[in-house]
Number of protein chains: 2
Amino acid sequence: MAETREFLYPSKWLTRASAGDRVACELRMRIIAGIIESGTILSENKIAADFSVSRSPVREALKILASENIIRLERMGAVVIGLTEKEIEEIYDVRLLIESFVFERLVRIDTHDLVMELSKILEMMKVAIRYGDADEFSYQDVLFHETIIRAINHSYMLMIWNNLKPVMESFILLSMRIRFKEKYDDFTRILENHQLYIEAIKTKDRALMIKSLHQNFDDVQGKVEYLWMSQQLLAKGVEQEND
Amino acid sequence: MAETREFLYPSKWLTRASAGDRVACELRMRIIAGIIESGTILSENKIAADFSVSRSPVREALKILASENIIRLERMGAVVIGLTEKEIEEIYDVRLLIESFVFERLVRIDTHDLVMELSKILEMMKVAIRYGDADEFSYQDVLFHETIIRAINHSYMLMIWNNLKPVMESFILLSMRIRFKEKYDDFTRILENHQLYIEAIKTKDRALMIKSLHQNFDDVQGKVEYLWMSQQLLAKGVEQEND
DNA sequence: TTAAGTATACTTGTATACAAGTATTATAAC
DNA sequence: GTTATAATACTTGTATACAAGTATACTTAA
């Protein structure tokens, strides 16, 4: 049987999380992984039954997912939007916009502590790779970019990031899990990109930053295909399970 | 007695709105108007009692306000953040970022319909001024910018806008109400700016767009002082009421 | 008077109940 | 067979109840 798991979202990231958050995280993963196809109409009652919780946390979860633009709350039922190639490109438009803005601020402040912090995270990423831990690697990858954004102390940029983060995280998780199996070599390049990014921040080299930013994103664009692979794999797994 | 109203948020904008939305809109107005001071700790039960609703819609409202960054949900109680000068500048950072991005897309597409739509909204704004309707003017002002953003069909830019919009709207409402009384002349300049903006979109003149964008924002920066006036006025009103 | 423990009055998160509204289906009339 | 009407099985939004946790205040012992 193909590898299938009860829950796609790492359960150890959910300690101290409310039932609403759990439902939101898991639904998000299933939607982005394509297990729940776009166009599907979600019913509060059905989800509540599926997850063995009451409607209260489910309502909360649906509100969260609606604010992330992966479902649309209508008068009756929530319609799944999901992530198409278009949405993924749009997310990277936003990331590029934010991170460019952030860099413009970074060149004007002391980045010593930030560079230290980023180096630490990069080391963590290396360890995660050595131990084949795709989830941990994804976590550190997301944390890397969040740390940069937090450094400029801009609450509304952080707000945008917080809105984008859950979807990003799910997307990265899914694609990294595939790549750890299929394209292990990719990670040397990913690490180099991040090293370059740190270098750009350290030297406040705008050109280098733009270069590494785009390399990072071009690389990530490649991830889209891994999301499709992920969706296909998971779809097969579900089929076999239904036999 | 100074002019005080039971609700700051226009009630006619709340037809068909849920109790949760009503509470969110009103709390938002009170926070931004400074009636509820930053640092205040909000209690679900107390708010529920104040608005004569149950905790369910209040919880919903607090979640919304938290996602807008004007309150912070903590383990016990929600702490009011509010809008300081810093936050207002940050909001305009984001708007500048978004609208610049949007314009870059607009120059590449047919904007005929958009220009028509914007002209219509501008006419509406003029009518609102003639009839001294600050709320209607604010509504059209917000709609003007939303219409521009919607034109490029970018769901994640729209997502950011949707996150920003409620706070913007409240802020504009409060400052326009003051300006309608104190600085009626301002509006000819505001209208000119919007006309310039339309012109920039029509001719796809990047330089003109940047100019009108900045004029608009510089003008809006001036609004900050009107927010303080608004806060002072309302504070006085409350004091007198408490006598 | 101070320190530690205990009671109490809050808090949040979840479950459940219910009213009001909306699609869908079945039934009746033509 | 088609259309209009009524019954039904859903839906959402709100109220309420309760369990579990947390801060505050109050006791009690030193």
Side-chain angles (χ1 to χ4, degrees), chain A residues 6-7 9 11-28 31 36-81 162 166, chain B residues 6-7 9 11-28 31 36-81 162 166:
Chain A
E6 173 111 52
F7 293 108
Y9 196 81
S11 57
K12 67 170 172 176
W13 294 2
L14 288 172
T15 52
R16 326 257 332 134
S18 69
D21 288 334
R22 286 163 199 277
V23 173
C25 286
E26 189 55 30
L27 278 181
R28 188 187 298 115
I31 290 171
I36 302 174
E37 284 169 41
S38 70
T40 309
I41 291 174
L42 301 175
S43 149
E44 286 183 7
N45 286 310
K46 197 174 170 308
I47 295 169
D50 286 353
F51 285 88
S52 306
V53 292
S54 77
R55 266 182 58 219
S56 310
V58 172
R59 279 179 71 77
E60 197 186 310
L62 293 185
K63 286 259 161 65
I64 293 171
L65 300 183
S67 83
E68 292 167 7
N69 237 302
I70 57 176
I71 69 171
R72 190 177 54 242
L73 295 177
E74 301 200 337
R75 274 181 306 177
M76 290 194 95
V79 182
V80 175
I81 298 175
N162 284 333
Chain B
E6 173 112 51
F7 294 109
Y9 196 81
S11 57
K12 66 170 173 177
W13 295 1
L14 289 171
T15 52
R16 326 258 330 137
S18 70
D21 289 333
R22 285 163 199 277
V23 173
C25 286
E26 189 54 30
L27 279 180
R28 187 187 298 117
I31 290 171
I36 302 174
E37 284 169 41
S38 71
T40 309
I41 291 174
L42 301 175
S43 149
E44 287 185 3
N45 286 312
K46 197 175 170 308
I47 295 169
D50 285 353
F51 286 88
S52 306
V53 293
S54 77
R55 266 182 58 221
S56 309
V58 172
R59 279 179 71 75
E60 197 187 310
L62 292 185
K63 287 259 161 65
I64 293 171
L65 299 183
S67 83
E68 291 167 7
N69 237 301
I70 56 175
I71 69 170
R72 190 176 54 241
L73 295 177
E74 301 201 336
R75 275 180 306 177
M76 289 195 95
V79 182
V80 174
I81 298 174
N162 283 334

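Remember, it's a predicted structure, so these values are computed and weren't measured experimentally. Here is how names work: the chains are called A, B, and so on, in the same order as the sequence lines, proteins then strands, and each is numbered from 1.
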With [X] via side-chain contact (heavy atoms from CB on, under 4.5 Å) - residues at least two apart:
X      : result
A:D50  : A:K46
A:A49  : none
B:I41  : B:V79
B:N162 : B:L158

On DNA chain D, nearest-nucleotide positions of A:R16 versus B:V53: which is more 5'? B:V53
What string of B, S and - do you get for nucleotides 7-12 of chain C, 5' to 3', when a contact is any protein heavy atom under 4.0 Å? ---BSB
Is there side-chain contact between A:I71 and A:L27, with at least one heavy-atom pair below 4.5 Å? no
Starting at atom CG of A:L73, determine the distance to atom C1' of D:dG13, rounded to an integer number of angstrom. 13 Å
For B:S18, answer base if it contacts any base atom (sugar-phosphate contacts may also be present), sugar-phosphate if it contacts only those atoms, and nothing otherwise; contact means non-hydrogen atoms under 4.0 Å. sugar-phosphate
Just to confirm, is there a sub-4.0 Å distance from OP1 or OP2 of D:dA15 to any side-chain nitrogen or oxygen of B:S54? yes
Write out all pairs satisfying salt bridge (charged side-chain N to carboxylate O under 4.0 Å, His left out) with one or both partners inside residues 15-26 of chain B, taking only residues at least two apart or from two chains. B:E26-B:R30
